[in-house]
Number of protein chains: 2
Amino acid sequence: MFETFFKALGEPTRLRIVRMLAEQELCVCELEEILQVSQPRISQHLKILKQAGLVSERREGQKRMCKFNQGYYYDVMAKFGQFMQIPLNEIPEFKEEYRRMCDITSSCCK
Amino acid sequence: MFETFFKALGEPTRLRIVRMLAEQELCVCELEEILQVSQPRISQHLKILKQAGLVSERREGQKRMCKFNQGYYYDVMAKFGQFMQIPLNEIPEFKEEYRRMCDITSSCCK
DNA sequence: CCGTAATATAAACTTATCCTTATATAAGTA
DNA sequence: TACTTATATAAGGATAAGTTTATATTACGG
């Protein structure tokens, strides 16, 4: 989840798209015009941003109005803050890593 | 800057390294052991994390103790929050995009 | 229904990323 | 000085990501 999220943000064109959409709703052809980027390129990056949950869209005639999901963005950022702050042993996915960390002194670089 | 930062976090192994280092300082061979990942792989990912400013290291004999740069991390996160919140026309890098956005109604999908 | 505007998708190419294997460096230790 | 431990780096290959060009879809306007 964090991976997809950060990967989506870790690309300059997508970051620009997101920042534009944070300003206001825009359709693909507007993004194309504003960012001076080809239409398929915009579409493909939007797909990734949608999969990451950062952007959603709404049909308006032939256009698709794209919107920055601010709520979701805040949510993930907050969750990541938590993830980085809480003690390791409270993160289920790090159970094994925690265990190995605890008996590390015996096995490596003594 | 944000790009490098997020790109560094958008990879599972690096995210695990960062999370481990957020818990405590560790050397390469400890990370290797804890994460069950080969030594060169750890080294290479650490290089990227260092370039992103997320990790720094200190020599201790033959070991290099790696440390999570919490301060820098908070800093970038805060700056990114700002970047996403402030009006577009206050971001110098988006000067052109702002201008194009303003006269968009005339040029595209009328 | 035909044409056009807005967008999506597919194929092909290029480049970047990640991983492995092998080797190099650098600091302790015998 | 030779050996070992800890780490870095380089080269190779495999896969993924980003871009372009071309084509498909979908909705509206005549």
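By convention in this document, chain letters (A, B, ...) are assigned in the order of the sequence lines, proteins followed by strands, and residues within each chain are numbered from 1.
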Distance check: side-chain N/O of [X] vs OP1/OP2 of [N], anything under 4.0 Å?
| X | N | result |
| --- | --- | --- |
| A:Lys7 | C:dC18 | no |
| B:His45 | C:dC19 | yes |
| B:Lys47 | D:dA10 | no |

Please state how far atom [atom1] in [X] lies from atom [atom2] in [N], giving the value in whole angstrom units.
| X | N | atom1 | atom2 | result |
| --- | --- | --- | --- | --- |
| B:Leu49 | C:dC18 | CG | C1' | 14 Å |
| A:Gln44 | C:dA11 | CD | P | 13 Å |
| A:Arg41 | C:dT14 | CZ | P | 17 Å |
| A:Glu32 | C:dA6 | CD | P | 9 Å |
| A:Leu31 | C:dA8 | CG | P | 11 Å |
| A:Arg14 | D:dT19 | CZ | P | 8 Å |

*Is the A:Phe80-A:Phe6 ring centre distance short of 6.0 angstrom?*
yes
*When rounded to the nearest 0.5 angstrom, what is the spacing between CD1 in B:Ile34 and SG in B:Cys29?*
9.5 Å
*Spacing of SG belonging to A:Cys66 relative to CD belonging to A:Glu30, to within rounding of 0.5 Å*: 9.5 Å
Validation: residues 10-21 of chain A side-chain donor-acceptor distances under 3.5 Å, sequence neighbours left out:
residue : atom : partner : partner atom : Å
A:Glu11 : OE1  : A:Thr13 : N            : 2.9
A:Glu11 : OE1  : A:Arg14 : N            : 3.0
A:Thr13 : OG1  : A:Arg41 : NH2          : 3.2
A:Arg14 : NE   : A:Ala8  : O            : 2.8
A:Arg14 : NH1  : A:His45 : ND1          : 3.1
A:Arg14 : NH2  : A:Lys7  : O            : 3.2
A:Arg16 : NH1  : B:Glu97 : OE2          : 2.4
A:Arg16 : NH2  : A:Leu35 : O            : 3.0
A:Arg19 : NH1  : B:Phe83 : O            : 2.7
A:Arg19 : NH1  : B:Ile86 : O            : 2.7
A:Arg19 : NH2  : A:Glu23 : OE1          : 2.7
A:Arg19 : NH2  : B:Ile86 : O            : 3.2

*Please walk me through it: do B:Phe94 and B:Met101 pass side chain to side chain contact (heavy atoms under 4.5 Å, CB included)?*
CA-CA 10 Å; B:Phe94 280 73; B:Met101 192 186 77; over 6 Å; no
_Nucleotide-resolved protein contact map, nucleotides 23-30 of chain D, B/S/- at heavy-atom distance under 4.0 Å_ = ---SSS--
_Please compare A:Pro40 and B:Pro40 by the position of their nearest nucleotide in DNA chain D and report the one closer to 5'._
B:Pro40
